[in-house]
Amino acid sequence: MTEGNNDKKVTDRLLHGLNPQQAEAVRHDQGPLLILAGAGSGKTRVITHRVAWLVRVLDVRPSAILAITFTNKAASEMKSRIEDLIGSVSQYMWIGTFHAMMMRILRRYADRIGYDRSFAIIDSDDQQKVVKSCLADLNLDEKTFAVKAVHSQISAAKNALIDVGAYESQAGSDFFRSRVAQVYRCYQAKLKKNNSMDFDDILVEAVRLLESQPDVLAEYQERFQYVLVDEYQDTNHAQYRLVRLLSERHGNLCVVGDDDQSIYSFRGANIQNILDFEKDFKRCKVIKLEQNYRSTGNVLKAANAVIRHNQGRKKKSLWTQSDDGEMITFLRAEDQNEEGRYIAREIERQVSRLGRKTYRDFAVLYRLNALSRSVEQALREQGIPYRIYGGTRFYDRKEIKDILAYLRLVVMPDDNLSLERVINVPRRGIGSATTDMLAALAERDGVSQMAVCQNATRYPELQRAASRLTAFASLISQLGAGLDSEDKTLDQYLDWMENETGLIQELLDQQQRIVSGDALDRIENLKELLSDAVEFENQVQRLAAPDETLPPEERALVPANLRETVRAFLERAALYTEMDQDKDQDDVVRLLTIHSAKGLEFDTVFIVGAEEGLFPGYRSMGSQIEFEEERRLAYVAMTRARRKLHITATRSRLLFGQTQRYVVSPFVREIPDEHVDEIGGSREGERSMPWSETSQSLPGRPPIPAARSPLADAAAYMAPKPAQKAASVHFSVGDKVEHPKFGIGRILMAEPVAGDAILQVEFKGVGTKRMLAKMAGLTRLGG
DNA sequence: GGGTGTACGATTTTT
DNA sequence: TCGTACACCC
C-alpha cells in the first residue's frame with residue numbers, strides 16, 4: 001500500500017465512520033473484488049469513497065476509472081457524491097449506465113463494424129413496429145407469433161449474445177423457433193438498413209466491436225485501470241462479457257451487488273454472474289457488508305427469516321445495532337376497499353392526528369401496477385396527497401415522440417421509421433395506401449423514403465399524392481434550414497418546430513372538439529420539453545466553457561452548433577428517461593411497484609396485495625427459480641422500511657373486472673410470530689394446495705393466537721375530506737384580455753392546467769379562439 | 001382516407 | 001375493468 005506517502009488527513013476523511021468491512025472495501029487495491037452488500041449496508045458510501053480513495057490516495061488518474069450503473073438516476077447520484085468528495089476532477093471519470101458508456105465507444109468506432117457513426121437508437125415502440133413489419137413480410141400470422149413474444153425472444157437472444165446464425169442453428173427444425181429465427185434475421189437487416197440499433201444492440205455491437213478490433217480493445221483496456229460495476233446481480237450475459245473484456249488488462253474489477261436483491265431475471269439478468277464471480281475471477285477478494293443501517297430489528301429479522309428460505313444464495317445475515325422498534329402490522333382485509341381505507345386512515349392518523357410524520361414518510365408498494373387503483377381511490381377520498389411512480393415515461397409520450405421523430409428526420413432524413421411516424425401527423429391526407437407504396441418504392445430503388453418523397457412527381461405510382469409528399473419533404477428541408485440559421489437556441493428551435501409542423505395547432509383543434517383534457521396535457525408536455533431543452537443547452541454550455549479542459553476525444557463530442565446540439569439532445573432523449581429530479585421533495589405519499597422501489601427507503605412502508613397468486617404471481621408458482629425470485633422481491637419490499645412495516649392482504653379482491661378469493665401469501669407466513677401483530681384475521685387459516693416450498697420450511701409452527709383488534713372499528717374511518725381546490729390562475733371568465741395577434745377579446749371559459757390555463761376567448765372581428773394563456777402571450781386588461 | 005366501434009388482453013422495467 | 005389496436009364502414 002502506498003497510502004503512507006499521502007496526506008493522513010485525506011485517508012482519515014475517506015475512512016471516517018466506516019465499519020471494518022466497509023473500510024477494507026475502500027482500501028482494496030489490486031485484483032478483483034466482490035462486495036456483497038446487503039440491503040441498507042451503506043453500499044453507495046463504500047463505492048463513492050472507494051473511487052475517491054483511488055484518486056486521492058492511490059493517485060489513479062480519474063480518466064482511468066470506469067464506473068457502471070444500471071440507471072441514469074444511480075449514475076447521477078454517484079457522480080455528484082464523488083464530486084462532493086474529490087471535486088471537479090471527477091468529470092474525467094467515465095460514470096454512467098452500460099448503454100451510455102458503450103455509446104461513447106460506438107460513436108467513435110461504429111464504422112469499424114459496418115454502421116454509420118451517426119446511427120440512431122430506436123425505442124421499444126419502434127422495435128415492435130419493426131417486428132410487426134417483419135412478420136408481415138414473412139407472412140407469419142400475428143395470432144401464432146405474437147409480436148411481444150417474438151420480440152422478447154429476439155431480445156433474450158441478444159442479451160445472451162446469440163446472433164442470428166447461432167439462433168438459427170439452435171432452433172433447428174423447431175416450428176416456432178425456426179420462424180423466430182427468420183424474423184430475427186429480417187429484424188436485424190431492417191435495423192441495419194435504417195442505420196439503427198436497438199437498446200440490446202448497443203451492448204451486443206459493443207462486444208462485437210471490442211472482440212473484432214484488437215486496437216480498439218487495447219485502447220480501452222489500457223485506459224481503464226479500475227472498473228466498478230454496481231448492482232452486479234442484475235447484469236446479463238452481454239454486460240458480463242463487456243465487464244470482462246474491459247477489465248482484463250489491469251484486472252482491477254470491483255463489483256458490488258446483493259444476490260438476494262436480484263429481481264430482474266425477466267429482462268435477462270443472470271444471477272449466476274454474481275454467484276460465480278469467485279470462480280470466474282481467480283484470486284478474488286470477497287467482502288460482505290452485513291451491518292444494516294436502515295431498518296429496525298423487527299423489520300430486519302423478519303426480512304432475514306423470509307429470504308433464508310431461498311436455496312440458491314450466498315449465505316449472509318444482516319444485523320443491526322438499532323433496537324427492535326415497532327412490530328410489523330399484518331392486516332387481513334375483507335376486500336381492496338377495506339385495505340385502501342386502512343392505509344388512508346393510518347397515514348392520516350400519523351400525519352394529522354399525531355403530527356408525528358409527514359406524507360413523504362410513507363410509501364405503498366405493490367407487485368402489480370393494477371393494485372394502485374384502489375389505494376389511490378382511498379387516498380383521494382381522504383384528501384391525502386400522493387404520487388404514482390412509474391407509468392408512462394416522459395419521453396415515451398406520443399406527442400413527445402412525434403416531435404423527436406421530426407427532429408430526427410431533420411438531422412437524419414433517411415430515417416424511415418421516423419418518417420413513417422410523422423408523415424401523417426398532423427393529418428396531411430397521406431393514408432396507408434400512399435405510405436405502403438412509398439415504402440415499396442423506396443425498397444425497390446434502394447433509397448430512403450424521404451428521397452422518394454422529394455421526387456414524388458417522378459413516380460407514376462404516386463400521382464395522386466405527389467403534391468402532398470413533396471410538400472412534406474419541403475417542410476422537412478425547411479425545418480433543416482431553420483436548424484442551420486444559427487440564430488436560435490434549442491428551445492426556440494423546438495418551439496418554432498412545434499408550430500411549424502402544425503402539431504400544436506392540431507392539439508388545440510382537438511381540444512376544441514373533444515371535451516377531455518387530454519390535448520391540454522399534451523400541450524403541457526410539449527412545453528415541458530422546451531424547459532428540458534433549456535436545461536440541456538445550459539449543460540452543453542457549461543461543458544463547452546473555455547476554461548474546462550476535457551480530454552480531446554471527449555471534447556470532440558461536445559456539440560458546437562445547433563445541429564450537433566440537436567443530435568446530442570436526441571441521444572439523451574433515447575437513453576435518459578427520467579425527468580423528475582426536483583420532484584423528490586414533494587410532501588406526498590409515494591405509490592410504486594416493488595421493482596421500482598429497489599434502492600429507495602421510507603420511514604413507513606405498506607406492502608399491499610400479499611396474496612398467493614398475486615404475490616407470488618401465479619405464473620411463478622410452477623418453478624422453483626421463479627418462485628425464489630418472487631421471494632427476493634418480498635425481501636426487497638420489506639427492507640425498504642426504516643421504522644414501520646405494514647403488510648396487507650385481502651380475502652377477496654376485484655381485479656381486472658373479476659372478484660376472486662385469495663389466500664395469504666406464503667411469504668407472509670414465513671415471518672416469525674414474534675415480529676408480527678395481526679389485525680382482521682390471521683396469516684394462517686385457509687390454505688390452498690399444500691405448498692411444497694413452504695410446508696417444508698415451517699416445521700411445527702405453533703398455532704397463531706386469535707386476532708386482537710378487528711377492523712370492525714369502522715367508526716375510526718374518518719369522513720372523506722373535500723378535495724383540495726386547484727390553484728387559482730389569474731385569468732377568469734369575463735376578463736378582458738389582449739392578444740398580440742388577435743387584439744382585444746373577452747374570456748368565455750377558463751380551465752386551469754398545471755401552472756397555466758386553457759382559455760376560450762372571443763375576439764372582436766376574429767371569432768372565438770382557444771389557447772393557453774401564457775403560451776399565447778395574453779395580457780389581462782381587467783374585468 | 002378518416003372516423004368509429006369492438007374485441008381482446010392484462011406481471012415486474014431500464015436502456 | 002379499462003385501455004388500445006385493428007377491422008370495418010362511410
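Below, read A as the first sequence line, B as the second, and so on, with proteins coming before strands; counting in each chain starts at 1.
- Within the structure, the salt bridge (Lys or Arg N to Asp or Glu O under 4.0 Å) test picks out the following pairs touching residues 415-429 of chain A (sequence neighbours left out): A:Asp402-A:Arg421.
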Query raised in the report: What do the steps show when you test A:Glu601 against A:Arg640 for salt bridge (charged side-chain N to carboxylate O under 4.0 Å, His left out), and what is the final call?
Result: CA-CA 5 Å; A:Glu601 59 178 58; A:Arg640 297 311 97 195; over 6 Å; no

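- A:Arg267 meets the side chain to side chain donor-acceptor pair (under 3.5 Å) test with no other residue; sequence neighbours excluded.
- The ring pair (Phe, Tyr, Trp, His ring centres under 6.0 Å) search around A:Tyr386 returns none, not counting sequence neighbours.
- Rounded to a whole Å, the NE2 atom of A:His595 is 15 Å from the P atom of B:dT15.
- Annotation: side chain to side chain donor-acceptor pair (under 3.5 Å) contacts of A:Arg313 (sequence neighbours excluded): A:Asp260.
- In the 5' to 3' direction, nucleotides of DNA chain C lying under 4.0 Å from heavy atoms of chain A begin and end at C:dT1 to C:dC6.
- Annotation: side-chain contact (heavy atoms from CB on, under 4.5 Å) contacts of A:Ser155 (sequence neighbours excluded): A:Asn159, A:Asp200.
- Contacts between residues 415-427 of chain A and DNA chain B, defined by a heavy-atom separation below 4.0 Å, involve A:Asn424, A:Arg427, listed by number.
- In this structure, the nucleotide among B:dT15, B:dT11, B:dT12 sitting nearest to the side chain of A:Glu630 is B:dT11.
- Every residue meeting the ring pair (Phe, Tyr, Trp, His ring centres under 6.0 Å) condition with A:Phe536, not counting sequence neighbours, appears here in chain and number order: A:Phe569.
- No contact: A:Phe98 has no heavy atom under 4.0 Å from any strand.
- Put simply, A:Phe266 rests on the base of B:dT12: the two rings are less than 5.5 Å apart at their centres and nearly parallel, under 30°.
- Here A:Ala370 lies out of heavy-atom contact (under 4.0 Å) with every strand.
- Out of B:dT12, B:dT15, B:dG1, the shortest distance to the side chain of A:Thr593 is found at B:dT12.
- Here A:Tyr109 pairs with A:Glu219 under the side chain to side chain donor-acceptor pair (under 3.5 Å) rule; sequence neighbours left out.
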